[in-house]
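Atoms within each ligand, like the ligands themselves, are counted from 1 in listed order.
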Amino acid sequence: MPIETTASVVAGVPDGAELLAVPYTSELVPAVELDLPVPLPGLLAHYEAKGEVGEIIEVPVAREDGVGRVLLYGVGDGSPKALRKAAAGLTRRARGRDELTVVVPEGDATAFAEAALLAAYSFRIGAPGKTPVRALRFVSADERAVRRGETVAQAVALARDLANTPSSVKTPAWLAERAGEQGVPVRVWDEEELQAAGFGGILAVGRGSANPPRLIQLSYVPEGPAERHVVLVGKGITFDSGGLSLKPTENMKTQKTDMAGGAVVIAVIGALARMGAPVRVTGLVAAAENMPSGTAQRPSDVITHYGGRTVEVLNTDAEGRLVLADALAYADAELDPDAVVDIATLTGAISVALGRNVGAVYSTDDDLAKGLLAAGRDSDDRLWRMPLIDEYAPALDSPIADLANVESGSTYGAGSITAALFLREFAGGRPWAHLDIAGVGRSTVDDGILTKGATGFGVRVLLEWLTRG
Ligand code: BES
Ligand code: MN
Ligand code: ZN
């Protein structure tokens, strides 16, 4: 479900605002007539308010025909990060209300509006839970900044919705239909077309499922001249059971979100089209359902990828790299991009390394890595650069094929790094980056801008990188 809370900009505090949030920085408070029952300094002292982010003091005030409330909120150092946290806290505090009027603090109004809206996100099938605040009114904020924040937040919400949708609904063909709704031309390869073109990795992973695989291409071309051509590749495993290398239930039950990378690609391209961004971006979503069955691929099978490289499949649960390899090889051979960035819930190992709040970026190109890291800092989708350690490459040697999809022993370990090394083989020496979002793709808590389930991680950093870098 898209975020249903509306955002508007108002010139001043509307009369009789039922719920009014005001930052308690010294310059801003006197600008608004608050009708506080106790003078502000005394009030702040009483609550020992320090102005920290997350502090919200609720004060009842007399209104013409009843009681209204003022929420005095802290903004910390006023940085975008602090404003996001403050904004998300306000939206959560206003849950169940019709509206919240917010006097916005100095600083990044885009970040503030984006986080205020994201905190209103929810995904439910059936009866609604406690409904988020219906309307947010931002007082005297820059309209364009608020609209950009709204566009970004809705793109994150779309990525979350796609990933939160149960896999019984979310087949590869269903995902292709959703891609077709983004306002850009879409090309979809069905099974026969995948076969004819030689996409052996996508076909092998999809073979076990009753829901056949698809390769989905979305093309955003700006109206004016394009600064560059970027290809985004997303892992689109609509359910990852592990295949014949079956996962235990505990690990399997989160795997409807194994297309989170593909969801990010679809949502980013839709948002670029809405913004009219001056960059050409082609999205590729390699979509398949990884299931065990009599037609499934087996550990020990050898497959042939797009472009002819052969891979010995030693573990059918290392399926993401197989579908991505085809798409990367196709991008290199057919699309002539200036840079390729893939995004994938690729390895459990990366959440051991970086945890749940920071995503991994691997890159063959220092400028590309720097640009993504900076965009990650600014957009709050934080990234950490991981090394492509060449000495570990022999982990993927196969005695019978060009490569193996996993290490057969445990000489090298480094599961996320070796997965990245595997992908690098298919990027054709172009500037390439790989985002491993297995750790950050899902949240276990409702907190701040996050809601339990899919996070949409990657939408904000890629939009930031593509439109500001
Ligand atoms: N989709 C999983 C990775 C994953 C794990 C994502 C947990 C989100 C949460 C991926 O396809 C996978 O199964 N990876 C294996 C690789 C292994 C077989 C080399 C893993 O991480 O265990
Ligand atoms: Mn897997
Ligand atoms: Zn997977």
Side-chain angles (χ1 to χ4, degrees), residues 163-164 167 170 172 175 201-202 204-209 213 233-264 285-292 296-300 311-327 342-360 386 392 395-396 398 403-423 434-444 452-458:
N164 284 328
S167 303
K170 179 175 55 190
L175 203 56
I202 298 172
V205 172
R207 270 180 53 181
S209 172
V233 176
K235 172 175 173 180
I237 300 299
T238 59
F239 187 72
D240 183 11
S241 71
L244 285 176
S245 310
L246 198 64
K247 287 181 186 294
T249 308
E250 269 315 297
N251 300 358
M252 203 187 292
K253 69 188 186 191
T254 59
Q255 294 296 324
K256 71 174 181 182
T257 57
D258 207 22
M259 36 54 73
V264 167
V285 180
E289 188 179 33
N290 189 23
M291 295 293 261
Q297 67 170 335
R298 309 154 190 82
S300 79
V311 166
E312 184 183 12
V313 179
L314 297 177
N315 187 323
T316 65
D317 198 12
E319 84 298 337
R321 63 197 76 184
L322 302 180
V323 301
L324 292 170
D326 275 357
D342 75 68
I343 177 161
T345 47
L346 205 63
T347 66
I350 199 58
S351 51
V352 177
L354 295 179
R356 303 205 145 272
N357 294 327
V358 179
M386 294 285 291
Y392 296 170
L396 301 174
S398 162
L403 283 169
N405 78 328
V406 294
E407 182 183 6
S408 56
S410 53
T411 311
Y412 298 94
S416 177
I417 295 172
T418 51
L421 290 169
F422 180 94
L423 295 179
H434 156 59
L435 308 183
D436 191 340
I437 59 163
V440 291
R442 293 181 66 89
S443 171
T444 54
K452 242 179 238 171
T455 60
F457 186 103

At under 4.0 Å between heavy atoms, which part of Lys235 makes contact with ligand 1: side chain, backbone, both or neither? side chain

Looking at Leu246, is its backbone amide N or carbonyl O close enough to the side chain of Ser241 to form a donor-acceptor pair, meaning the two atoms are under 3.5 Å apart? no

Are any of the N/O atoms on Ala318, whether in the backbone or the side chain, positioned under 3.5 angstrom from an N/O atom of ligand 1? no

Expected output: side-chain Glu407 to main-chain Gly413 donor-acceptor under 3.5 Å: yes

Which residue pairs pass the side chain to side chain donor-acceptor pair (under 3.5 Å) test when at least one of the two sits in residues 250-261, sequence neighbours left out? Lys235-Asp258, Glu250-Lys253, Thr257-Arg442, Asp258-Thr345

Is the count of non-hydrogen atoms from other residues, nucleotides or ligands lying under 6.0 Å from Tyr412 atom OH greater than 12? yes

Atom 15 (C) of ligand 1 has as its nearest protein heavy atom Asp317 O, 4.1 Å

Check for a donor-acceptor pair, side chain of Thr316 on one end and backbone N or O of Ser245 on the other, with a separation under 3.5 Å. yes

Give me the residue, atom name and distance of the protein heavy atom closest to atom 18 (C) of ligand 1. Asn315 ND2, 3.5 Å

Metal site the Mn ion (ligand 2): N/O/S of Asp258 inside 2.8 Å: no

Shortest reach to atom 16 (C) of ligand 1 by a heavy atom, considering only Arg321, Glu319, Lys247: Arg321

Please work out, at 4.0 Å between heavy atoms, whether the side chain, the backbone, both, or neither of Arg442 comes within that distance of ligand 1. neither

Applying a heavy-atom cut-off of 4.0 Å, say which part of Leu346 lies close to ligand 1: side chain, backbone, both or neither. backbone

No waters, cut-off 2.8 Å: how many protein N, O or S atoms are close to the Zn ion (ligand 3)? 4

